[in-house]
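Because the structure is predicted, anything quoted here is derived from the model rather than measured.
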Amino acid sequence: MRHGYIKAAALSPKIKVADPVFNAQAVISQAKEAAEQGASVMVFPELCLTGYTCGDLFLQELLLAEAKKQLFVIAEETAEIDAVIFIGLPLEYMDKLYNTAAVIYRGNILGIVPKTSLPNYAEFYEARHFAKGMRETVPVTLREGVTVPMGTNQLFVCRNLPHLRIAAEICEDVWSVNPPSISHALAGANLIVNLSASDEVTGKDIYRRQLVAGQSARLVCGYIYANASDGESTQDVVYAGHSLIAENGTVLKESERFLNLPVYAEIDINRLTAERRRMTTFEQKGTQDYTITYFSLNISETKLTRFIDPSPFVPGNKSDRDKRCEEILAIQAMGLKKRLEHTGCRCAVAGISGGLDSTLALLVTVRAFDLLNLPRKQILAVTMPGFGTTDRTYDNAVHLIQRLGAQLKEISICDAVSVHFKDIEHSLDTHDVTYENSQARERTQILMDVANQYSGMVIGTGDMSELALGWATYNGDHMSMYGVNASVPKTLVRHLVKYYADTCEDKELEEILLDVLDTPVSPELLPPDNGTISQKTEDLVGPYELHDFFLYQILRFGYEPAKVMRLAKIAFADKYDESTVLKWLKTFYRRFFSQQFKRSCLPDGPKVGTVALSPRGDLRMPSDASAQLWLDEINRMEAE
C-alpha cells in the first residue's frame, strides 16, 4: 500500500460444475492463500460459484438459491481478510437472471455488477439465460436486512488510499465495441477487474493478451483479468485459466495455461495517477452517473516482486535494444537533416574529444550528411587538445574522424588559454573551476568562430544526463547551434555507440569505437596523471546509472524521494549499499534544482524518448525553484 502499490491477485480455483458448496470452499481456500501473499484486490472468474458451463441448469431455482447462500458463506469466511474480493455468480432480480460480479469486503457485500455484453454465438448462448445488465444502479435485496446496489456504473473507492478506484466488467464486456471499462475510466476508475470465462482455441491467448494490455494502455489503468480454468465442463470447449495482470500497456504477470495457478503482481496506482495527471487528453467526465461505495485497507509495506529495471532507458532484450538504438539514431539524424536543410548549411562543425558524447554526435552527423547526399568532407571535425588531453583520447579522436571520412582540423587551446589566464591574472598552477571552465569556453568559442568561417553549424555533443546534473560549462560545452544528444541519457549513449560498432562493416572503425567505450568518462580539464586520465566524472558527481535511474523515476512519474529510494534499493541491491544510493540521490536533487538555469536556455535538439529536458516542451521549470521540500525528505531518510 505504501507509495501506491496494490498487490493484485487473479485467481482461478478448480471448481465443479453446478456445485456451489464445493466451489465456495475452493474460493475461500484460494482467498486465504492470496491473503497470505498480501493481496489487497482478489478477482475470481466469471460465474465461478456455479461454473460458467451450467447451460440450462441456470434456470434451476435450487442452483440459484444455493449460489446466493454460498456467497454469504464466502463473505463470512473471509471477514478477517483485508482485501476487496470479486466473485462471479448468477443472480435473479425482478424475474430476470443476471451474470454478475459480487464485491465482498470484510464480511460485507458492497455491491453487484452485472454483465453488459452477452454473447450468443458459437458455444456461448448467454442470451438464452441472462438479461443485459443495467447501467444505473438499483437496490437489490439479497436477503432480509441486506440490500446492495446493483448496476454497471459503480466505483469502489479506498478511503485511506483515495487514488485507488476500482470498477468491474465481465468477460465479453472488454471484447465489445464499447466496453464498460471506458466509462469506468472516464468516471475515475484506475483499476479495472474482469471476471472471465474465455475458452481456449489456437491463438486466442495471443489476442487475449493484446486485448488486456491494450485496454490497460488505452485507459491508463491497472487491469486484472481472472479466467476460468479446467474445472469447467469440457463438453464442447476447454478452459485453460489464462489470467493476466496488466498496467498501462504492460503485462506484469500472466498464468501459464492449463495449470490453474494464481497470478500475483503489484500495481502502481500512483504511477497511473501521475500518467493521467500529465495527459491533458484524458478528460474525466465525473461520477454523477455512478454509485460510489467506500472501503478501507490497512496501510502496509507491500513487498515488491515486480521487476525494477536498473536501466529504464535501455531495453534489456538485445533485439529490442538494437531496434531502439536504430530508431534513436534515425531520429537524431533526421532532426539534424531538417535543421541543415532549413538553414541552408552545407557544413557542420563538431568538437571531437575522443569521448563517448562527441563520438555519438559525429556518428549522427555522418548519418545526416549521408541522408542529404552531402560529402562527409564537409563535416569539419575539430580536435582541440588542452592541458588535460591524454594520448588515448587524442588518438581515438583523430582516427575516428579519419575513418568516417570527415575533415580533420586540429587547434590546440593551450596557448590561447594561457594568454587568457594572464589577462585575467589567474595562475596556471591553480586548478580550480576557472581553470577548467576557461578551457571549455575557449573550445566553444573556437567552434563558433570556425563555423562562421565555413558558413557552418556547431553540433552540440552534451547528453541529457549532463544537462540534468548541470555538468556542463555555462556558455561552454553547454552551447551549440543544434544539440543532437540533448535527450539521450548517458547510459543510452554507450549502447548507441556499441550498436554502431556492432553493425558497421569497417573493422578498424569498430576497434576505435570499442576503445572509446572502454575509456573512462571525463571532461579532461585537469592535467593527466602519468599520461592517464586524472579526472573521472563519476567519481565527482556519482554513477551515471544511478542518476539516469533517478532522472527517469522523478521526471517520468513524479515520484517522491522515498519512493525513488525504495525502487533504487531493489534495482541496485547487488551493486550499491543504501548509504551510497542515498548519497547520490541527494546529490541529484541538489544539482537538478540548482542547475535549471543552464537548461532554461538550451539550444534546439531532437526529443528521442518520453523523458526530455527541453525548456520549450517537456520541462518548464523555474530556474530559482527551491529543492528544500525534497531535500527535507531525504534528510529524514538519512536520520532514520
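The aromatic ring centres of Phe58 and Phe130 sit less than 6.0 Å apart.
Thr491 and Ser311 form no side-chain donor-acceptor contact under 3.5 Å, judged by distance and modelled atom types alone.
Qualifying side chain to side chain contact (heavy atoms under 4.5 Å, CB included) partners for Tyr576, counting only residues two or more places apart in sequence or in other chains: Pro543, Glu545, Leu546, Phe572, Thr580, Val581. Evaluation of the side chain to side chain contact (heavy atoms under 4.5 Å, CB included) rule for Ala10 yields Ile224, Ala226, Ser243, Ile245, Val263 as partners, not counting sequence neighbours. Partners of Ser229 according to the side chain to side chain contact (heavy atoms under 4.5 Å, CB included) rule, which considers only residues two or more places apart in sequence or in another chain, are Ser12, Asn260. Lys607 pairs by the side-chain hydrogen bond (donor to acceptor under 3.5 Å, both in side chains) definition with Asp618, not counting sequence neighbours. Under the side-chain hydrogen bond (donor to acceptor under 3.5 Å, both in side chains) criterion, Asn99 pairs with Glu46, Glu126, not counting sequence neighbours. Judged as a side-chain hydrogen bond (donor to acceptor under 3.5 Å, both in side chains), and not counting sequence neighbours, the contacts of Thr147 are Thr141. Residues passing the salt bridge (charged side-chain N to carboxylate O under 4.0 Å, His left out) test with Lys498 are Asp502, sequence neighbours excluded. Judged as a ring pair (Phe, Tyr, Trp, His ring centres under 6.0 Å), and not counting sequence neighbours, the contacts of Tyr290 are His184. Every residue meeting the side chain to side chain contact (heavy atoms under 4.5 Å, CB included) condition with Glu633, not counting sequence neighbours, appears here in chain and number order: Glu560, Pro561, Ala562, Arg636. The side-chain hydrogen bond (donor to acceptor under 3.5 Å, both in side chains) check on Asp205 picks up nothing, with sequence neighbours excluded.
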Which pairs of donor and acceptor atoms, one on a side chain in residues 206-223, lie under 3.5 Å apart (sequence neighbours left out)?
unit_1, atom_1, unit_2, atom_2, d
Arg208, NE, Ser198, OG, 3.2
Arg208, NH1, Glu200, OE1, 3.4
Arg208, NH1, Glu200, OE2, 3.3
Arg208, NH1, His242, ND1, 2.8
Arg208, NH2, Ser198, OG, 3.0
Arg208, NH2, Asp199, O, 3.0
Arg208, NH2, Glu200, OE1, 3.4
Arg209, NE, Glu254, OE1, 3.1
Arg209, NE, Glu254, OE2, 2.8
Arg209, NH2, Glu254, OE1, 3.3
Gln215, NE2, Ser181, OG, 2.8
Ser216, OG, Ala213, O, 2.8
Ser216, OG, Gly249, N, 2.8
Tyr223, OH, Glu169, OE2, 2.5
Tyr223, OH, Asn194, ND2, 2.8

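Listed by first and then second residue, the side chain to side chain donor-acceptor pair (under 3.5 Å) pairs involving residues 53-71 are Thr53-Glu232, Asp56-Arg128, Asp56-His129, Glu66-Gln70 (not counting sequence neighbours).
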